[in-house]
Amino acid sequence: MKKIIITIDGWSSCGKSTVAKQLARALGYVYIDSGAMYRAITLYFLRNHIDWTDEKETLEALQNIDLQFIANPLTQQSEMHLNQENVEYLIRDLVVAEKVSDVATIASVRTFAVAQQQKMGEQKGIVMDGRDIGTTVFPNAELKIFMTADIQTRVERRYKEMHDKNPNITMDEVKKNLETRDYIDSHREVSPLRQAEDAILLDNSLLTMEEQLDIALKWVAKKLASH
Ligand code: CDP
């Protein structure tokens, strides 16, 4: 069967990666978490004290960054490796979350990540989630989904995820981080977060996991039938 590219963009913590993983599993497609790439770059910059507002320093640093998604045989999930180190756990920390949107405004960082993302989509059969996937990375993708959910639902979901790892985290810290990132992501100059004109809106505030997958799979079937 013909393979397509599916893009999922939207606000932070609205469940993009859950839908993307569900779709990839159901269709036998590859799932790529583009946010993990920006998070890994941020981790590298923080560890190496890179001043990302300095263009030359940033370009030099990017040359030393190797990003790979490698499947974990135990979980069957693909995990982010930064220079051969598995950083999947570390990149979800609040320390990274607090800086990632600033790093993601830098044009050279985006050029670096987008080139790799476009390469991953050459064979199609891919579901990629992020902020600019339907607008910049794959503007010709066959199916584009733009996701949202109300802020309280998003905060509760992310708080639960982060609290399991860090019991000291507060709901307020999580809320502030989501709101700040959403603001920066939607107001930056290069590839701001916005719904592509041909993207379909999915608000999953009141949907169960099964219901959201059902809806998305119907959209996929419709696209496949029309191609
Ligand atoms: O999981 P969540 O939606 O909270 O965030 P993420 O997908 O892990 O992305 C982390 C951050 O990376 C976002 O807040 C953006 O600043 C940036 N990002 C981006 O600029 N472009 C993308 N395609 C993906 C992420």
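Numbering of ligands and ligand atoms starts at 1, following listing order. Note: hydrogens, waters and symmetry copies are ignored here, and every other heavy atom, side chains too, is used. All residue numbers in this chain count up from 1 along the given sequence.
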Checklist entry - When Asp182 is tested against each of Arg131, Arg194, Arg188, Arg154 for salt bridge (Lys or Arg N to Asp or Glu O under 4.0 Å), which residue passes? => result Arg154
Give one line per pair: atom of ligand 1, protein atom, distance. Only N/O to N/O under 3.5 Å.
| from | atom 1 | to | atom 2 | distance (Å) |
| --- | --- | --- | --- | --- |
| ligand 1 | 1 (O) | Arg158 | NH2 | 3.0 |
| ligand 1 | 3 (O) | Ser13 | N | 3.3 |
| ligand 1 | 3 (O) | Lys16 | NZ | 2.7 |
| ligand 1 | 3 (O) | Arg131 | NH2 | 3.1 |
| ligand 1 | 4 (O) | Arg158 | NH1 | 3.0 |
| ligand 1 | 4 (O) | Arg158 | NH2 | 3.4 |
| ligand 1 | 4 (O) | Arg181 | NH1 | 3.2 |
| ligand 1 | 4 (O) | Arg181 | NH2 | 2.9 |
| ligand 1 | 5 (O) | Arg131 | NH2 | 3.2 |
| ligand 1 | 5 (O) | Arg181 | NH1 | 3.2 |
| ligand 1 | 7 (O) | Arg131 | NH1 | 3.3 |
| ligand 1 | 8 (O) | Arg39 | NE | 2.6 |
| ligand 1 | 8 (O) | Arg39 | NH2 | 3.4 |
| ligand 1 | 14 (O) | Ser101 | OG | 3.2 |
| ligand 1 | 14 (O) | Arg131 | NH2 | 3.2 |
| ligand 1 | 14 (O) | Arg181 | NH1 | 2.8 |
| ligand 1 | 14 (O) | Asp185 | OD2 | 2.7 |
| ligand 1 | 16 (O) | Ser101 | OG | 2.8 |
| ligand 1 | 16 (O) | Asp185 | OD1 | 2.6 |
| ligand 1 | 16 (O) | Asp185 | OD2 | 3.3 |
| ligand 1 | 20 (O) | Arg110 | NH1 | 2.8 |
| ligand 1 | 20 (O) | Arg110 | NH2 | 3.3 |
| ligand 1 | 20 (O) | Arg188 | NH1 | 2.8 |
| ligand 1 | 20 (O) | Arg188 | NH2 | 3.2 |
| ligand 1 | 21 (N) | Arg110 | NH2 | 2.9 |
| ligand 1 | 23 (N) | Ser34 | OG | 2.9 |
| ligand 1 | 23 (N) | Arg131 | N | 3.1 |
| ligand 1 | 23 (N) | Asp132 | OD1 | 2.8 |

Item to check | Neighbour count >12 (heavy atoms, 6.0 Å) for atom CE, Met209 | outcome: no
For residues 100-108, which side-chain N or O atoms pair as donor and acceptor with protein atoms under 3.5 Å away, sequence neighbours left out?
| from | atom 1 | to | atom 2 | distance (Å) |
| --- | --- | --- | --- | --- |
| Ser101 | OG | Asp185 | OD1 | 3.0 |
| Thr105 | OG1 | Asp102 | O | 2.6 |

Item to check | side-chain hydrogen bond (donor to acceptor under 3.5 Å, both in side chains) partners of Asp214, counting only residues at least two apart | outcome: none
Next on the checklist: Whether the Asn204 and Gln212 side chains hold a donor-acceptor pair (N or O, under 3.5 Å, no angle test) is what I'd like checked.
Outcome noted: yes
Checklist entry - Which pairs with one or both residues in residues 86-144 pass ring-ring contact (aromatic ring centres under 6.0 Å, His included), sequence neighbours excluded? => result none
